[in-house]
Enquirer: 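First, the structure itself, so that you have it in front of you.
Just the heavy atoms: all of them, side chains too, but no hydrogens, waters or symmetry mates, feed the values below. A, B, ... follow the sequence lines: proteins, then strands. Residue 1 opens every chain. Since the model is a prediction, treat every value here as computed from it, not as a measurement.
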2 protein chains.
Amino acid sequence: MLRLSKKADYALLALRHLAVPGPRATASARELAESYDLPPELLAKVLQQLVRGGLLSSQQGIRGGYGLARPAAEITVVDVIEAIDGPMTVTACSESDHSCDQYTKCNIRDPLWKLKDRIVAALSATTVAELAIDLVPAPESIPVSLVRR
Amino acid sequence: MLRLSKKADYALLALRHLAVPGPRATASARELAESYDLPPELLAKVLQQLVRGGLLSSQQGIRGGYGLARPAAEITVVDVIEAIDGPMTVTACSESDHSCDQYTKCNIRDPLWKLKDRIVAALSATTVAELAIDLVPAPESIPVSLVRR
DNA sequence: CTGATGTCCGACCGAACCAGTCCAGTTTAC
DNA sequence: GTAAACTGGACTGGTTCGGTCGGACATCAG
Ligand code: SF4
Ligand code: SF4
């Protein structure tokens, strides 16, 4: 129901950790796993996927680890989600996949795709650099209270 | 990921069908199922959930069927999704559910919740009445670029 | 009033998907 | 050479989701 996967969740967690300025710009999978109490092997696989997606750079060897492949401000959350879970699609169908049985008779495709574009836009508007700002000091005049309609 | 369930998809399809102006304002589950070639029983269950959610009104008996409980313009897609799949949550945690193991150490909750609010806002901006407008005539002056933030 | 009909309703089940695990292999620093 | 770290694949258990079944209820013919 429009919920992002746990893996994507962990990915954002790790990216945020790497984005926050500190003495070291890199960290090993083990360090990250211990910092947040999550299964090391799973986190490792997530990080590998991020490397494959071009968001992280990896360094093998005994002093190895992971680091951001580009500035944190240039990594959006859509990038992360797509690197982990594949292309973002709100519906089961897409421009390149007409496999839905109701495709010909369906008349809500276009509006929903438009909606998808809007969601993607909202997700691309936030970068991991913004995630790294701690305690979000209300950069906007509108706090959390702008909920629903 | 971030994909809506097939049931929610069917729900929107059915609601759109009921929202389009025509001779009858109601339709039976069987009619709808045949119109769109989808499993009748499943569609029936979806409709039941919508009734429970207060979006549809049902009429039993030999001339029974389903009808909109309120004007189409007052039914947003979030209403539909929440009626089908429960409350919208982007993350596994929420204001009322701290069951995530990383809850105390997590530092991306607030930004993600804000993101959720923004998505919900985008989803509440569209009503089923807008879905009923066929063939979306104009690409509208403001395409996808109304990122809003 | 009564039976037949067609509808809604709730419980049930199998399949797909996802979080999590394991292990064998490769690369690099010391 | 050895230890620490990344890489890649295959495997499993649990949960959710799509789909199916029989029963309850309201309407209408007679
Ligand atoms: S029902 Fe329509 S919108 Fe949904 S997956 Fe099928 S074609 Fe796409
Ligand atoms: S990791 Fe953080 S954001 Fe994700 S579910 Fe847990 S507490 Fe929520």
Enquirer: Kindly point out which of dG8(D), dA26(D), dG20(C) is positioned nearest to the side chain of Lys45(A)?
Expert: dG20(C)
Enquirer: Please report the distance, rounded to the nearest Å, between CD in Gln49(B) and P in dA11(C).
Expert: 13 Å
Enquirer: Kindly determine whether Leu12(B) and Ile81(B) satisfy side-chain contact (heavy atoms from CB on, under 4.5 Å), including the steps that lead there.
Expert: CA-CA 9 Å; Leu12(B) 288 173; Ile81(B) 295 177; 5.7 Å; no
Enquirer: Taking C-beta and beyond as the side chain, do Val20(A) and Asn107(B) meet within less than 4.5 Å on heavy atoms?
Expert: no
Enquirer: What is the nucleic acid contact for Ala29(A), judged by heavy atoms within less than 4.0 Å: base, sugar-phosphate only, or nothing?
Expert: sugar-phosphate
Enquirer: To the nearest Å, how far apart are Lys6(B) NZ and dA15(C) P?
Expert: 17 Å
Enquirer: Parallel, tilted or perpendicular: which one describes the rings of Tyr36(B) and His17(B), with boundaries at 30° and 60°?
Expert: perpendicular
Enquirer: Just call it for Arg3(A): base, sugar-phosphate, or nothing, with non-hydrogen atoms closer than 4.0 Å on any strand.
Expert: nothing
Enquirer: What is the separation between atom CG on Leu50(B) and atom C1' on dC9(C), rounded to the nearest whole Å?
Expert: 14 Å
Enquirer: Between Arg30(B) and Pro40(B), is there a donor-acceptor pair closer than 3.5 Å when you use the side chain of the first and the backbone of the second?
Expert: no
Enquirer: Does a distance-only test, which skips hydrogens and angles, find a donor-acceptor pair under 3.5 Å between the side chain of Lys7(B) and the base of dT16(D)?
Expert: no
Enquirer: Taking only the side-chain heavy atoms of Ser28(A) (C-beta and beyond), determine which of dC6(D), dC9(C), dT27(D) contains the nearest atom.
Expert: dC6(D)
Enquirer: Compare the minimum distances between each of dC21(D), dT21(C), dA5(D) and the side chain of Glu41(A), then state the nucleotide with the smallest one.
Expert: dT21(C)
Enquirer: Quick one: Leu32(A) CG to dC6(D) P, roughly how many Å, whole number?
Expert: 9 Å
Enquirer: Identify which nucleotide among dC8(C), dC6(D), dG19(D) has an atom closest to any side-chain atom of Gln60(A), counting heavy atoms from C-beta outward.
Expert: dC6(D)
Enquirer: Does atom CZ of Arg70(A) have more than 12 heavy-atom neighbours from other groups under 6.0 Å away?
Expert: yes
Enquirer: Want to settle it: does Arg63(A) or Leu4(A) sit nearer the 5' end of DNA chain C, counting the closest nucleotide to each?
Expert: Leu4(A)
Enquirer: Taking 4.0 Å as the cut-off, does a side-chain nitrogen or oxygen of Ser58(B) come that near to OP1 or OP2 on dC9(C)?
Expert: yes
Enquirer: When the distance from OH of Tyr10(B) to P of dT20(D) is rounded to whole Å, what number comes out?
Expert: 10 Å
Enquirer: Measure from the side-chain heavy atoms of Pro39(B) and tell me the nearest of dG8(D), dC28(D), dG19(D).
Expert: dG19(D)
Enquirer: Starting from P on dG19(D), measure out to CD on Gln102(A) and report it in whole angstrom.
Expert: 9 Å
Enquirer: Can you measure Leu56(A) atom CG to dT7(D) atom C1' for me and round it to whole angstrom units?
Expert: 14 Å
Enquirer: Which comes earlier along DNA chain C counting from the 5' end, the contact point of Arg30(B) or that of Arg52(B), where each point is its nearest nucleotide?
Expert: Arg30(B)
Enquirer: How many whole angstroms separate atom CG of Leu42(A) from atom P of dT12(D)?
Expert: 18 Å
